[in-house]
Asks: 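Have a look at the structure that comes next, please.
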Amino acid sequence: MSPGNTKQFSQIAIVGVGQVGGAAAYALILGSVASELLLVDVKVDLRDGQVRDLSDVAYSVNGGTRVRAATHHEAGQCDIVVITAGSRWSIGETNIQHMHRNVSIMRSVVGAMRPFRSDAIVLVVSNPVDLLTSIAQEISGLPKSQVLGSGTFLDSVRLRGLLADKTGVAASSIQVPVVGVHGDSQVVVWSAATINGMPINKSLPPDTLQHADLADECKNRSESIIRAKGATPFGISSVVSSICSSILLDRGDVEPISHFQPEFGCCFSLPVILGRKGIIRVIGVPLDSHEQADITQSAKRLRDVVERIQKDH
Ligand SMILES: NC(=O)c1ccc[n+]([C@@H]2O[C@H](COP(=O)([O-])OP(=O)(O)OC[C@H]3O[C@@H](n4cnc5c(N)ncnc54)[C@H](O)[C@@H]3O)[C@@H](O)[C@H]2O)c1
Ligand SMILES: *[C@@H]1O[C@H](CO)[C@@H](O)[C@H](O)[C@H]1NC(C)=O
Ligand SMILES: *[C@@H]1O[C@H](CO)[C@@H](O)[C@H](O)[C@H]1NC(C)=O
Ligand SMILES: *[C@@H]1O[C@H](CO)[C@@H](O)[C@H](O)[C@H]1NC(C)=O
């Protein structure tokens, strides 16, 4: 580090360095977000290959992040642990069987990291993200505010981009929260959508936006990317980098992030203030009765799944 650089020594671990974990590491190095990146994977050859390839990136970036291989236990001692471990669908496997396999991966990853450093922040990216964040939160032994999931952050970024393309307004001047359980039941809070703070339906000529089509396009986007190229590494990796720098720099950014909802007993996304301690505070969103009902229904469904899984273990 250069003299006079007061940035503190910081470590981020990435657990599961496949497509998404590898791309997340790349984004974190280009952004010089942390001093050191620790890469963890059960596939040792893949992990070591990623360490070498990404070290080449680190050597070429000013302010160089150190990249090294690590164990699960070492990962639990970092400032931030990003969990991107996952499993490919096997032929003949049902959806339920695959979900259980995903849950056992999360249990084994979190189990192998315990006990965590007391101020570690865990960021779950693996899907189904809200279910796996709920599981990680329960078994981590960390305070609830320190276990988060990427949730609907990427969906909010995406929808903002779609609106920018439609209206010619810069994405940075558009706010449109997507909240709830990531996936089919996520909810766009159109009543809170603004252009530079002005309600969006008052700022645009009538019928500029087809709300339902835009919400669908936002939901369908991941699937169409996976159909075309087999994974969606770049979008999410940029979101991971942004969440990690909000945390390490204690920036107070407001974003929709999956976290524990005491009223529902599971994790899903609502806008929060992000800082070094994780979720600093929830920011209320004005929901109309439809939006509220949709969120309540999908949260209850998620809670049922979480409870059923707990009974099985
Ligand atoms: N939340 C989002 O918005 C979002 C977006 C894109 C992808 N994802 C999710 O990210 C995850 C990763 O996707 P991918 O395309 O990189 O998959 P991938 O198969 O390329 O990588 C997963 C990696 O996890 C490793 N792994 C498995 N079990 C492990 C364990 N116990 N410990 C350490 N590593 C382990 C595997 O060896 C593999 O290298 C998936 O769950 C995917 O659905 C989420
Ligand atoms: C299981 O995880 C994979 C990736 O890790 C994800 O693509 C898939 O949607 C998940 N499936 C279920 C049913 O949880
Ligand atoms: C704009 O949206 C708000 C909140 O959804 C609604 O109350 C209002 O009637 C809408 N205005 C117009 C002009 O459509
Ligand atoms: C999204 O997918 C659904 C179901 O697969 C389909 O009915 C809908 O037309 C798609 N919407 C867009 C905008 O692509």
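Numbering of residues begins at 1 and proceeds along the displayed sequence. As the structure lists them, so they are numbered: ligands from 1, and atoms in each ligand from 1. Nothing here was measured: the structure is a model prediction, and the numbers come from that model.
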Asks: If you round to the nearest 0.5 Å, how far is CG of D253 from CD1 of I280?
Replies: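 Reported value, rounded in 0.5 Å steps: 11.0 Å.
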Asks: Side chains of S10 and D79 only: does a donor on one sit below 3.5 Å from an acceptor on the other?
Replies: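 No donor-acceptor contact under 3.5 Å links the two side chains.
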Asks: Answer yes or no: does atom OH of Y26 have more than 12 heavy-atom neighbours from other residues, nucleotides or ligands under 6.0 Å?
Replies: no
Asks: Give the atom numbers and elements of ligand 1 that come within less than 4.0 Å of a heavy atom of A85.
Replies: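 This gives 24 (O), 26 (N), 29 (C), 34 (N), 35 (C) as the contact atoms.
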Asks: Show which atoms of ligand 1 fall inside a sub-4.0 Å distance from at least one heavy-atom site of S108.
Replies: 31 (N)
Asks: Quick test: of every protein heavy atom, which one is nearest to atom 4 (C) of ligand 1, and how far off is it to 0.1 Å?
Replies: N127 ND2, 3.7 Å
Asks: Quick one: look at V42 and ligand 1, take heavy-atom pairs under 4.0 Å, and tell me if it's side chain, backbone, both or neither.
Replies: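 The answer is both, backbone and side chain.
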Asks: Report the nearest protein non-hydrogen atom to atom 3 (O) of ligand 1: residue, atom name, distance rounded to 0.1 Å.
Replies: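 Of every protein heavy atom, I236 CD1, 3.4 Å lies nearest to atom 3 (O) of ligand 1.
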Asks: Check the surroundings of atom CZ in R117: do more than 12 heavy atoms from other residues, nucleotides or ligands lie under 6.0 Å from it?
Replies: yes
Asks: Between OG of S150 and CG of D155, what distance do you get to the nearest 0.5 Å?
Replies: 8.5 Å
Asks: Decide yes or no for Q146 and S140: does some side-chain heavy atom of the first lie under 4.5 Å from some side-chain heavy atom of the second?
Replies: no
Asks: Does only the side chain of S150 get under 4.0 Å from ligand 1, or the backbone, or both, or neither? Count heavy atoms.
Replies: side chain
Asks: Just how far is it from atom CZ of F264 to atom CZ of R301, taken to the nearest 0.5 Å?
Replies: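 CZ of R301 is found 12.5 Å from CZ of F264.
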Asks: Counting only heavy atoms not in D45, do more than 12 fall under 6.0 Å of its CG?
Replies: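 No.
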Asks: Heavy-atom pairs closer than 4.0 Å: do any link ligand 1 to the side chain of S222, the backbone, both, or neither?
Replies: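 Neither; no heavy atom under 4.0 Å.
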Asks: Using modelled atom types and a 3.5 Å cut-off, is there a donor and acceptor pairing between side-chain atoms of D130 and backbone atoms of H182?
Replies: yes
Asks: With heavy atoms only and a cut-off of under 4.0 Å, state how L46 meets ligand 1: side chain, backbone, both or neither.
Replies: side chain
Asks: What protein heavy atom sits nearest atom 7 (C) of ligand 1, and how far off is it?
Replies: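 Checking every protein heavy atom, the shortest distance to atom 7 (C) of ligand 1 gives V20 CG2, 3.6 Å.
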Asks: Do S87 and N102 meet the criterion of a side-chain donor-acceptor pair at a distance under 3.5 Å?
Replies: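 Side chains of S87 and N102: pair found under 3.5 Å.
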Asks: Taking atom CD1 of I279 and atom CG of L274, what is their separation to the nearest 0.5 Å?
Replies: 5.5 Å
Asks: Which atoms of ligand 1 sit under 4.0 Å from any heavy atom of I105?
Replies: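 Heavy-atom distances to I105 below 4.0 Å select 28 (N).
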Asks: Is H72 close to V109 at the side-chain level, that is, under 4.5 Å between some pair of heavy atoms?
Replies: yes
Asks: Name each donor-acceptor pair under 3.5 Å that joins a side chain in residues 231-238 to protein atoms two or more places apart or in another chain, with its distance.
Replies:
| residue | atom | partner | partner atom | Å |
| --- | --- | --- | --- | --- |
| S237 | OG | P233 | O | 3.2 |
| S237 | OG | F234 | O | 2.8 |

Asks: Does ligand 1 come near enough to V125 that some N or O of the ligand is less than 3.5 Å from an N or O of the residue?
Replies: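 In this structure, V125 places an N or O atom under 3.5 Å from an N or O of ligand 1.
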Asks: Any idea which protein heavy atom is nearest atom 31 (N) of ligand 1, and the distance to it?
Replies: V109 CG2, 3.4 Å
Asks: Within a radius of less than 6.0 Å around CG of D165, do more than 12 heavy atoms belonging to other residues, nucleotides or ligands occur?
Replies: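 Counting other residues, nucleotides and ligands, CG of D165 exceeds 12 neighbours.
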Asks: Heavy-atom count around K277 NZ within 6.0 Å, excluding the residue itself: above 12?
Replies: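 Open.
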Asks: Measure the distance from atom 37 (O) of ligand 1 to every protein heavy atom, then report the residue, atom name and distance (to 0.1 Å) of the closest one.
Replies: D41 OD1, 2.6 Å
Asks: Between ligand 2 and the protein, tabulate every N or O atom pair separated by less than 3.5 Å, reporting distance only.
Replies:
| residue | atom | partner | partner atom | Å |
| --- | --- | --- | --- | --- |
| ligand 2 | 2 (O) | N102 | OD1 | 2.9 |
| ligand 2 | 2 (O) | N102 | ND2 | 2.5 |
| ligand 2 | 5 (O) | S87 | N | 3.1 |
| ligand 2 | 5 (O) | S87 | O | 3.4 |
| ligand 2 | 11 (N) | N102 | ND2 | 3.0 |
| ligand 2 | 14 (O) | N102 | ND2 | 2.9 |

Asks: To which protein heavy atom is atom 11 (C) of ligand 1 closest, and what is the distance rounded to 0.1 Å?
Replies: T84 O, 3.8 Å
Asks: Which of the atoms of ligand 1 are close to K43, meaning less than 4.0 Å from one of its heavy atoms?
Replies: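 Checking each atom against K43, I get 37 (O).
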Asks: Please identify which atoms of ligand 1 are closer than 4.0 Å to at least one heavy atom of V15.
Replies: 33 (C)
Asks: Report yes if T232 has an N/O atom closer than 3.5 Å to an N/O atom of ligand 1; otherwise report no.
Replies: no
Asks: For the hydrophobic clusters of this structure (ILVMFWY residues joined by side-chain heavy atoms under 4.5 Å, transitively), does one cluster hold both V20 and L132?
Replies: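 Yes.
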Asks: I want to confirm something. Looking only at heavy atoms, which of H72, R158, R88 is nearest to atom 19 (O) of ligand 1?
Replies: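 Nearest heavy atom to atom 19 (O) of ligand 1 lies in R88.
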Asks: Where is the nearest protein heavy atom to atom 27 (C) of ligand 1: which residue, which atom, and how far?
Replies: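 Ranked first by proximity to atom 27 (C) of ligand 1 is G86 O, 3.4 Å.
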Asks: Who's closest to atom 21 (O) of ligand 1 heavy-atom-wise, of S237, G18, A75?
Replies: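 Comparing heavy atoms across S237, G18, A75, the nearest one to atom 21 (O) of ligand 1 lies in G18.
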